[in-house]
Amino acid sequence: MNDLTSLNQSTSKTTDPAASANSPSALSQVDWSYEATVDQIETIIGQIEAGDLDLVEVFDQFAIAIDQLRQCETFLRQRQQQMDLLIEKLVDESESY
């Protein structure tokens, strides 16, 4: 996650990924998959590293990868919040016994 955070911070675009129409929260589970998105990011990175793209395509694909990284970061943040709530609920329940 540190790589996602540092990459997100290194970009000049500061929009909230949760507000994006393409964010995982805006897409149905059928349309968006964390694993598929990570695979797409890895494919883009591989193409860039291999030099398979024209310079214009490098910039376009880089922008797509950044958007996808933000989607993944939003997804992970949402799941972390859910886990935190479940743990808090579990602790509260165990204290009431």
Side-chain angles (χ1 to χ4, degrees):
M1 179 96 171
N2 289 339
D3 291 338
L4 289 175
T5 303
S6 63
L7 187 53
N8 193 17
Q9 291 172 347
S10 68
T11 62
S12 60
K13 191 174 181 180
T14 58
T15 59
D16 180 8
S20 169
N22 293 325
S23 71
S25 61
L27 299 174
S28 71
Q29 289 183 349
V30 175
D31 296 327
W32 192 87
S33 164
Y34 178 84
E35 291 80 6
T37 303
V38 169
D39 288 343
Q40 291 171 354
I41 294 166
E42 290 174 348
T43 298
I44 290 170
I45 291 169
Q47 290 173 333
I48 292 171
E49 289 178 342
D52 294 341
L53 304 173
D54 293 332
L55 187 58
V56 171
E57 292 174 310
V58 168
F59 290 117
D60 291 343
Q61 292 300 307
F62 183 76
I64 291 168
I66 292 298
D67 182 54
Q68 291 174 331
L69 284 169
R70 287 187 175 127
Q71 292 173 22
C72 289
E73 184 176 31
T74 298
F75 173 82
L76 292 173
R77 187 177 329 123
Q78 290 170 346
R79 295 312 174 266
Q80 181 64 50
Q81 289 171 349
Q82 288 176 342
M83 293 302 294
D84 291 345
L85 287 173
L86 290 171
I87 290 169
E88 183 179 321
K89 182 178 178 182
L90 181 64
V91 168
D92 289 346
E93 288 176 358
S94 67
E95 289 175 352
S96 66
Y97 290 115

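Count residues from 1 along the sequence.
- Checked against side-chain hydrogen bond (donor to acceptor under 3.5 Å, both in side chains), D92 has no partners two or more places apart in sequence or in another chain.
- Atoms CE and CD1, on M83 and I87 in that order, are 5.0 Å from each other to the nearest 0.5 Å.
- Distance check, rounded to the nearest 0.5 Å: CZ of F62 to CG of L69 gives 8.5 Å.
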- Task: Mind running side-chain contact (heavy atoms from CB on, under 4.5 Å) on I64 and Q61 for me, showing each step along the way?
- Result: CA-CA 5 Å; I64 291 168; Q61 292 300 307; 3.7 Å; yes
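- Atom-to-atom distance recorded for Q80:CD and L85:CG is 10.0 Å, nearest 0.5 angstrom.
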Under 3.5 Å donor-acceptor pairs involving side-chain atoms of residues 35-50, not counting sequence neighbours:
{"from": "E35", "atom 1": "OE1", "to": "S33", "atom 2": "OG", "distance (Å)": "3.4"}
{"from": "T37", "atom 1": "OG1", "to": "W32", "atom 2": "NE1", "distance (Å)": "3.3"}
{"from": "T37", "atom 1": "OG1", "to": "S33", "atom 2": "O", "distance (Å)": "2.8"}
{"from": "Q40", "atom 1": "OE1", "to": "Q68", "atom 2": "NE2", "distance (Å)": "2.6"}
{"from": "T43", "atom 1": "OG1", "to": "D39", "atom 2": "O", "distance (Å)": "3.0"}

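- Partners of D54 according to the side-chain contact (heavy atoms from CB on, under 4.5 Å) rule, which considers only residues two or more places apart in sequence or in another chain, are E57.
- Contacts of V56 classified as side-chain contact (heavy atoms from CB on, under 4.5 Å), with partners at least two apart in sequence or in another chain: D60.
- Only one option out of R77, R79, Q71 pairs with F75 in a side-chain contact (heavy atoms from CB on, under 4.5 Å); it is R79.
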